[in-house]
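All residue numbers in this chain count up from 1 along the given sequence.
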Amino acid sequence: MISAIIPTYKSPQALDLCLQSAIEGQHNSNQIIVVVDGFYDINKNVLEKWGKYIDVLNLEQNVGLCKGTNLGVYNAKYNKILIVNDDNVFPKDWDVNLNIQYQDGYVFSPNQIEPYPSMFSQFNIKDLGRTIKNFDLNKFWEYEKNISEDKIEFNGSTLPIFMNKLDYIKIGGWYENYELGMVADWDFFLKCQLNDLSMARVYNCHFYHFVSLTTTIDQEAENKRKQSETNGHNYACYKWGNYIKNDAETNLKYI
């Protein structure tokens, strides 16, 4: 059995689809933890809709993605944990296919399908919908089944991640001082490597990722995001003594 941790903020439509795919796409009755990082009322209808299938961790106030994810993991009742953002869509039989690949000492990244060209060359680029409204879950499940193959490569280090809960805790999980997710991801994957965990990518299981569900450009919000990203890189340099860098071929992180 798997404990899937889904942090959410203010995207009820995305969360609704994410939960539908997770619940209807699973073979077994896994634990699905929704970490509500503040703004419970915005997500209330979706949480009540799927209430009997999920465990809700209501943080009541916004504590940030990193701390919220860590708290979600602490509440996992199974040793195998899967961390998925709420703008992802689960493939059919995700639990069965992930369990086939599972090994201790590994951090698995199930490959992703995205509608736009990506910095990650391993991703499958296919526009199956850029908004929740024009996304067809069954069409995605059919496409994902057709492209999936029994293949593992050692170029993981992207979300979602599937690993052992104790390994996650031993390396300290997400570092909570980062403002933004991307640098926190790189920090986490660097810690995994330094603790000799194998960073693997599996292709028998693909998650869909919308990349961005924003329909209008808010320049002020975009400027704030860029500043937070810059702050994150500078904080990583302060922490590690150098900026964290990414190898485009292997996705390994180094300083």
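Here the straight-line distance linking atom CD1 of Ile132 with atom CG of Leu17 works out to 5.0 Å at 0.5 Å rounding. The line from CG of Asn58 to NZ of Lys44 is 11.0 Å long, rounded to the nearest 0.5 Å.
Taking a cutoff of 4.0 Å between a charged side-chain nitrogen and a carboxylate oxygen, Lys224 and Glu220 do not qualify as a salt bridge. Checked for salt-bridge contact, Lys226 and Glu229 miss the test: no charged N lies under 4.0 Å from a carboxylate O.
Between Phe120 and Phe123, the distance from one ring center to the other falls under 6.0 angstrom. Note: Phe135 and Tyr208 meet the aromatic proximity criterion, with ring centroids under 6.0 Å apart. Between Phe162 and Tyr102, the ring center distance clears the sub-6.0 Å criterion.
A donor atom on one side chain and an acceptor atom on the other are found under 3.5 Å apart for Asn62 and Asp37. In this model, a donor atom of one side chain and an acceptor atom of the other lie less than 3.5 Å apart for His209 and Asp87. Inspection of the Arg130 and Ser212 side chains reveals no N or O donor paired with an N or O acceptor under 3.5 Å. In the model, Asn231 has no side-chain atom that pairs as donor or acceptor with a side-chain atom of Ser228 under 3.5 Å. With 3.5 Å as the limit, one finds no donor-acceptor pair spanning the side chains of Lys80 and Asn164. Side-chain polar atoms of Asp187 and Trp174 form no donor-acceptor pair below 3.5 angstrom. Judged by distance alone, the side chains of Thr8 and Asp86 do bring a donor and an acceptor atom under 3.5 Å apart.
Not counting sequence neighbours, the partners of Tyr168 by the side chain to side chain donor-acceptor pair (under 3.5 Å) test are Asn70. With sequence neighbours excluded, the residues that form a side chain to side chain donor-acceptor pair (under 3.5 Å) with Gln31 are Ser3, Asp55. Taking Lys151 as the reference, Glu149, Glu153 meet the salt bridge (charged side-chain N to carboxylate O under 4.0 Å, His left out) condition, with sequence neighbours excluded. Residues passing the salt bridge (charged side-chain N to carboxylate O under 4.0 Å, His left out) test with Asp95, sequence neighbours excluded: none.
Remark: the backbone N or O of Leu65 is not paired with any side-chain donor or acceptor of Lys67 at under 3.5 angstrom. Using a distance-only test at 3.5 Å, with no hydrogens or angles considered, no donor-acceptor pair links the side chain of Ser198 to the main chain of Ala200. Side chain of Arg201 to backbone of Asn111: no donor-acceptor contact under 3.5 angstrom is found. Panel note: side chain Glu144, backbone His206; a donor-acceptor pair is recorded below 3.5 Å. A distance-only check finds no donor-acceptor pair linking the side chain of Asn242 to the backbone of Ile255 [under 3.5 Å]. At least one donor-acceptor pair closer than 3.5 Å links the side chain of Gln26 to the backbone N or O of Asn30. Side-chain N or O atoms of Asn75 include none that pairs as donor or acceptor with a backbone N or O of Gly72 at under 3.5 Å.
Other members of the cluster containing Val96 are Ile100, with ILVMFWY side chains joined at under 4.5 Å, either directly or via other members. Residues Tyr116 make up the rest of the hydrophobic cluster containing Val211, defined by ILVMFWY side-chain heavy atoms closer than 4.5 Å, directly or through other members.
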Would you check, one step at a time, whether the test side chain to side chain donor-acceptor pair (under 3.5 Å) holds for Asn146 with Glu142?
CA-CA 6 Å; Asn146 288 333; Glu142 181 180 356; 4.7 Å; no
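In plain terms, the two heavy atoms of Asn204 and Asn97 that are nearest each other are ND2-O, 3.1 Å. For the residue pair Ala76 and Ile5, the shortest heavy atom distance occurs at CB-CD1, 4.5 Å. Nearest heavy atoms, Phe189 versus Leu159: CZ-N, 4.3 Å.
Taking 4.5 Å as the limit, every side-chain heavy atom of Glu60 sits out of range of all side-chain heavy atoms of Tyr40. At least one side-chain heavy atom of Ile152 sits less than 4.5 Å from a side-chain heavy atom of Gln101. With a 4.5 Å cut-off on side-chain heavy atoms, Leu19 and Ile6 count as touching. The shortest distance between side-chain heavy atoms of Tyr9 and Val36 does not fall below 4.5 Å. When side chains are defined from C-beta on, Trp186 does not count as touching Tyr254, because their heavy atoms never get closer than 4.5 Å. Side-chain contact between Asp167 and Ile169 is absent, with no heavy atoms from C-beta onward closer than 4.5 Å. Considering only heavy atoms from C-beta on, Pro160 stays 4.5 Å or farther from Asn85 through its side chain. Considering only heavy atoms from C-beta on, Phe90 stays 4.5 Å or farther from Ile23 through its side chain.
Hydrophobic clustering (ILVMFWY, side-chain heavy atoms < 4.5 Å, transitive): Phe188 and Met199 are in one cluster. Two different hydrophobic clusters hold Leu98 and Ile161 under the rule that ILVMFWY side chains link at heavy-atom gaps under 4.5 Å. Linking ILVMFWY residues whenever their side-chain heavy atoms come closer than 4.5 Å, directly or via other members, leaves Ile81 and Tyr53 in distinct clusters. If you chain together hydrophobic residues whose side chains sit under 4.5 Å apart, Leu190 and Val183 fall into the same group. Both Leu57 and Val73 are assigned to one and the same hydrophobic cluster, defined by single-linkage of ILVMFWY side chains at heavy-atom distances under 4.5 Å.
Figure legend: cation-pi geometry between Lys165 and Tyr78 absent, as NZ or CZ is not positioned both under 6.0 Å from the six-membered ring centre and within 45° of its axis.
None of Asn124, Asn88, Thr158 except one satisfies the side chain to side chain donor-acceptor pair (under 3.5 Å) rule with Gln112; the exception is Asn88.
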